[in-house]
2 protein chains.
Amino acid sequence: MSQTELEKSPHAVLDVVNCTSANLRKVNRLVTQVYDASLRPVGLRATQFNLIATLVKLGDTPLSRLAGVLVMDRTTLTRNLKPLVDKGLIRIDHEEDQRIRIISLTDEGKIVFEEALPFWREAQSQLVEGLGQNRWSAFLDDLRAMIDVVQRE
Amino acid sequence: MSQTELEKSPHAVLDVVNCTSANLRKVNRLVTQVYDASLRPVGLRATQFNLIATLVKLGDTPLSRLAGVLVMDRTTLTRNLKPLVDKGLIRIDHEEDQRIRIISLTDEGKIVFEEALPFWREAQSQLVEGLGQNRWSAFLDDLRAMIDVVQRE
DNA sequence: CTCATGTATGTGTATATACACCTTTATAGA
DNA sequence: TCTATAAAGGTGTATATACACATACATGAG
């Protein structure tokens, strides 16, 4: 009769409480709900707002490059674009190279972004102030460090 | 002709780079992929492993209480249980009160958890060491602080 | 005992995510 | 020129997430 892993390490279950992934997912759920709630008046989700903001910054961008900048799976981006295209906020055009899809903001997309900005700021401030400026800055630094850690592999 | 929000605040787009939600979601995507990849040999996703680990800790638990502990929407939990029930790792029973669903680990669920533990540890170590013990601890503290901030509303 | 109300849960729908696999289009060699 | 390969993208499928709405059951007021 061999001992189970749990009998050998009774603290194993406690360790799992410290799971980086589980804690991240939990925070992500909660924080996403805060931003989604703030942005609801303009009909955007947090993900969609970020996608639009990235396009404002980059200008017209090929799909794969956009996915690279967002550090997002290409096929996820394709799916995320759909509701925005349906709403007329984003346009997808071709280039000479028929393989390449150029993602652009429409005029309405730009307007909606401007409308959404104050609502985004509201959510952002709420969290920055809730955690405190300094601690929030450190937290953001750590998020970026974590990105480096994972991507460096 | 009124100025646009962007013309008034040319740094608005740069601010959005610091979006707590966007950065969290990005890290969450990457970290989830690390844990999913580690756990693939045992056929569990990070979310599923965490769900099982929580059940190991709590024992048989009513659905809504489990959702509360996980800080997860009740309906999300229902959906997340399905693949685990299908695989026979989790069972859903009734109580005397016919409304209540009791979620339990099956014997096979317990076995799979034990098999999964070393793979979880591998992913966990990878991130703890990548970020450094101290910084990782601070990061986890901040995640928990962020949970408090959001829940305190 | 009966019904109004509250509690526990499920379903419909939409989005977010990503892996495996497939199609289309360029391009570099032979 | 022709073709093998690489590059860019899409689709099928499965999971993760949550809001709005619907259902079933329990319980207390009368």
Side-chain angles (χ1 to χ4, degrees), chain A residues 21-22 24-40 43-52 61-68 70-87 89-90 92-103 150, chain B residues 21-22 24-40 43-52 61-68 70-87 89-90 92-103 150:
Chain A
S21 179
L24 257 174
R25 223 162 332 99
K26 187 188 297 182
V27 174
N28 189 49
R29 282 195 300 269
L30 290 170
V31 168
T32 296
Q33 284 177 55
V34 169
Y35 283 76
D36 279 356
S38 260
L39 290 168
R40 188 153 307 147
L44 288 180
R45 301 289 217 71
T47 309
Q48 301 174 342
F49 174 79
N50 184 244
L51 218 170
I52 291 179
T61 312
L63 189 145
S64 280
R65 185 164 121 68
L66 184 55
L70 291 166
V71 191
M72 177 181 287
D73 188 276
R74 179 182 54 76
T75 68
T76 298
L77 177 56
T78 297
R79 300 271 160 62
N80 287 354
L81 287 173
K82 185 170 185 309
L84 296 171
V85 172
D86 290 347
K87 277 188 273 199
L89 308 183
I90 278 181
I92 304 183
D93 301 305
H94 284 216
E95 246 196 353
E96 313 94 72
D97 187 331
Q98 291 295 307
R99 294 171 301 180
I100 298 180
R101 301 285 186 272
I102 302 291
I103 317 300
V150 178
Chain B
S21 179
L24 257 174
R25 223 164 329 101
K26 188 188 296 182
V27 173
N28 189 49
R29 283 196 299 270
L30 290 170
V31 168
T32 296
Q33 284 176 57
V34 169
Y35 282 77
D36 279 356
S38 260
L39 290 168
R40 188 153 307 147
L44 288 180
R45 301 289 216 71
T47 309
Q48 302 174 341
F49 174 79
N50 184 245
L51 219 170
I52 290 178
T61 311
L63 189 145
S64 280
R65 185 165 120 69
L66 185 55
L70 291 166
V71 191
M72 177 182 287
D73 187 277
R74 180 183 54 78
T75 69
T76 299
L77 176 56
T78 297
R79 299 280 162 53
N80 286 354
L81 287 173
K82 185 170 185 309
L84 296 171
V85 172
D86 290 347
K87 277 189 272 198
L89 308 183
I90 278 182
I92 304 183
D93 300 305
H94 285 215
E95 247 196 352
E96 313 94 72
D97 186 330
Q98 291 294 307
R99 292 170 301 181
I100 298 180
R101 302 284 185 272
I102 303 291
I103 316 300
V150 178

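Below, chain A is the first sequence line, B the second, and so on; all start at residue 1. Every heavy atom of this structure was used, including side-chain atoms; hydrogens, water molecules and symmetry mates were not.
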Could you tell me how far apart A:Asp73 (CG) and D:dG9 (C1') are, to the nearest whole angstrom?
12 Å

Is a donor-acceptor contact shorter than 3.5 angstrom present between the side chain of A:Arg79 and the base of D:dG12?
yes

When the distance from CD of A:Glu96 to C1' of D:dA8 is rounded to whole Å, what number comes out?
15 Å

When you match A:Gln98 and A:Met72 each to their closest nucleotide on DNA chain C, which lands nearer the 5' end?
A:Met72

Tell me, please, the opening and closing nucleotides of DNA chain C, 5' to 3', among those with an atom under 4.0 angstrom from a non-hydrogen atom of chain B.
C:dG6 to C:dC19

Kindly indicate whether the side chain of B:Leu44, heavy atoms from C-beta on, has any atom under 4.5 Å from the side chain of B:Leu89.
yes

Any side-chain heavy atom of A:Leu66 within less than 4.5 Å of one from A:Leu51?
yes

Does B:Thr75 have any side-chain hydrogen bond (donor to acceptor under 3.5 Å, both in side chains) partners at least two apart in sequence or in another chain, and if so, which?
B:Asp73

Counting any heavy atom closer than 4.0 Å, what does A:Thr78 reach on the DNA or RNA strands: base, sugar-phosphate only, or nothing?
sugar-phosphate

Near DNA chain C, which residues from residues 27-34 of chain B have a heavy atom under 4.0 Å away?
B:Arg29, B:Gln33

Contact check, side chains of A:Asn50 and A:Leu70, non-hydrogen atoms, under 4.5 Å
yes

B:Ile100 versus B:Pro62, closest heavy-atom pair with distance:
CG2-CB, 3.9 Å

I want to check something: taking the side chain as every heavy atom from C-beta on, are B:Ile103 and B:Leu77 in contact at a cut-off of under 4.5 Å?
no

Roughly how far, to the nearest 0.5 Å, is the CZ atom of A:Arg99 from the NE2 atom of A:His94?
12.5 Å

Donor-acceptor contact below 3.5 Å, side chain B:Asp36 vs main chain B:Ala46
yes

Whole-Å distance between D:dG9 P and A:Leu66 CG?
10 Å

Quiz question: going by heavy-atom distance under 3.5 Å, is there a donor-acceptor pair between the base of D:dA24 and the side chain of B:Arg99?
no

Mind checking if B:Arg40 touches a base, just sugar-phosphate, or nothing, with heavy atoms under 4.0 Å?
sugar-phosphate

By nearest-nucleotide position on DNA chain D, the 5'-leaning member of A:Ile100 and A:Arg45 is A:Ile100

Is the closest side-chain donor-acceptor distance between A:Thr78 and A:Arg74 under 3.5 Å?
no

If each of A:Pro62 and B:Asp97 is mapped to the nucleotide of DNA chain D with the nearest heavy atom, which maps nearer the 5' terminus, i.e. the 5' end?
A:Pro62

Classify A:Arg74 by what it touches in the nucleic acid, base, sugar-phosphate, or nothing, heavy-atom distance under 4.0 Å.
base

Which part of the nucleic acid, if any, lies within reach of B:Ser64 when heavy atoms closer than 4.0 Å are counted: base, sugar-phosphate only, or nothing?
sugar-phosphate

How many Å lie between CD on B:Glu95 and P on D:dA26, as a whole number?
11 Å

Considering every strand and a 4.0 Å limit on heavy-atom distances, what is the contact class for B:Thr75: base, sugar-phosphate, or nothing?
base

